[in-house]
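Below is one structure, written out as structure tokens, with a few remarks after it.
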Amino acid sequence: MTSEMPSDSALWLEAVAGTESSFGVVYDRYRHVIYRAALGRVGNTNDAEDIVAIVFLEAWRKRADVRFVDGSLRPWLLVVMVNVTLSQQRSTRRYRRLIAKLPPADAAPDPSHGLLDRMHAQSAAGAIGTAVGKLNGRDRQIVELCLVEELSMAAAATALDIPVGTVKSRLSRIRQRLQADLGDYAPSLDGAAS
Amino acid sequence: MSDQRNLPEMDPRRDAAIRAMLLEEIRHEPERRVARKRRNWWIAGGITLAVAGVGATAGGIVLEAQRASNAQYVYCLKSETRGADGSFPGAIGATLASTDGQGHVDDAVGLCSQMWLDGFFEQEYDPLANSNPSGRVPEHFEVCVMADGATAVVPSEKPTICNRLGMAPLED
């Protein structure tokens with residue numbers, strides 16, 4: 001065998017078959033990816049950590065719908081993350097009991113949190129976040145996969161289970177809209193390859 | 001638009017607590033308790049494993065019969081074809097629990113036949129279901145040896161199938 005690292009599909013199959021520790025390995029492998037993506041969306045660490053917990057709970061709940069893109073769970077987990085943040089209230093309600101059991105964030109206020117929020121609001125990232133927030137759910141999924149995570153359109157199509165042509169046309173429209181909305185803050189939106 | 005900021009890490013306490021919470025939730029799911037009791041073998045996602053270490057033989061190269069040097073697991077192939085990328089679509093790696101925790105298989109054809117009978121290779125197989133319809137066991141199997149020394153059981157009656165798939169035939 002060429003590699004000692006089990007594949008995502010092997011870990012998923014093991015977890016579904018009864019080896020929950022394999023799901024722990026999946027968590028270890030992708031929690032940082034999901035956390036950073038969530039942090040970019042919500043702007044504070046505590047909420048981002050809650051989202052990580054909810055994303056993996058949702059991924060488990062919807063495990064029969066899992067999709068691997070080039071053998072990787074990452075794109076599908078990111079789709080789950082986008083869906084969780086889109087319906088954050090409902091997701092939080094569903095898992096309120098479990099989230100409440102997690103240790104609270106440190107009591108001492110972190111001055112960087114407020115600073116981060118202010119910087120986020122004032123920066124180009126904040127402007128982009130506001131513009132993206134106006135998009136519908138599907139478009140936000142495509143932004144996350146193609147523009148933020150820089151996955152190919154084909155990979156995004158697989159993760160979302162939609163035709164690649166749909167991703168392409170939506171992405172084109174998204175780019176035009178973001179360019180129009182962002183004005184001076186418009187970053188390079190060359191984004192995803194085919 | 002990749003974010004290159006130096007973002008804060010997760011709180012280690014919350015990270016550990018989230019991980020523990022996830023595994024606890026999964027462990028206590030009622031339907032998984034039933035599935036866990038029923039299983040007497042550990043199944044690994046086999047497609048990647050089956051690909052690893054198997055080099056495609058160039059046209060004309062014939063591998064001599066070999067003994068299987070690795071009895072920890074076997075590969076049960078779903079068909080006698082390889083994908084364009086060299087993989088074995090639908091193949092499953094399987095083993096039986098052993099006292100040393102490593103897994104051991106004495107009867108590869110028997111194990112794979114049981115998996116066919118249990119419906120693992122049927123289109124409608126549902127790993128989450130409490131039970132699945134029985135499957136049809138192929139009439140013929142050929143046993144091959146993969147590059148990692150493990151046995152591969154191929155549903156085929158062609159004596160040359162091992163070489164055609166890039167594997168050595170099992171030595172009698």
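Heavy atoms only: backbone and side chains are in, while hydrogens, waters and symmetry mates are out. Just so we're on the same page: letters track the sequence lines, and every chain starts at 1.
- The residues B:Glu9 and A:Arg36 are annotated as salt-bridged, a charged nitrogen and a carboxylate oxygen being separated by less than 4.0 angstrom.
- For a residue to count as touching a neighbouring chain, one of its non-hydrogen atoms must lie under 4.5 Å from one of that chain's; by this rule A:Asp50 touches chain B with backbone and side chain alike.
- In this structure, B:Arg19 contributes its side chain and A:Gly24 its backbone to a donor-acceptor pair below 3.5 Å.
- Between chain B and the residues A:Asp8, A:Ile99, A:Val52, A:Asp28, the largest count of heavy-atom pairs under 4.5 Å involves A:Asp28.
- Considering only heavy atoms from C-beta on, B:Leu22 stays 4.5 Å or farther from A:Trp60 through its side chain.
- More than 12 non-hydrogen atoms from other residues, nucleotides or ligands lie less than 6.0 angstrom from CD of B:Glu122.
- Going from atom CG of B:Asp15 over to atom CD of A:Glu49 covers 8.0 Å, rounded to the nearest 0.5 Å.
- For B:Arg67, the CZ atom counts as loosely surrounded, since its 6.0 Å shell holds 12 or fewer non-hydrogen atoms of other residues, nucleotides or ligands.
- In the hydrophobic clustering of ILVMFWY residues, with side-chain heavy atoms under 4.5 Å counting as a link, A:Val55 and A:Val69 come out apart.
- Here the side chain of B:Arg14 pairs a donor or acceptor atom with the backbone of A:Pro103 at under 3.5 angstrom.
- Distance check, rounded to the nearest 0.5 Å: CZ of A:Arg61 to CD1 of B:Ile26 gives 14.0 Å.
- Heavy atoms of A:Phe56 lying under 4.5 Å from chain B belong to its backbone as well as its side chain.
- Under a 3.5 Å cut-off, the side chain of B:Glu25 and the backbone N or O of A:Leu57 do not form any donor-acceptor pair.
- Heavy atoms closer than 4.5 Å to chain A are found in the side chain of B:Met21, but not in its backbone.
- In this structure, A:Thr45 and B:Asp11 have side chains that are not in contact, with every pair of non-hydrogen atoms separated by 4.5 Å or more.
- Annotation: side chain of B:Ile18 is not in contact with side chain of A:Tyr35 (no heavy-atom distance under 4.5 Å).
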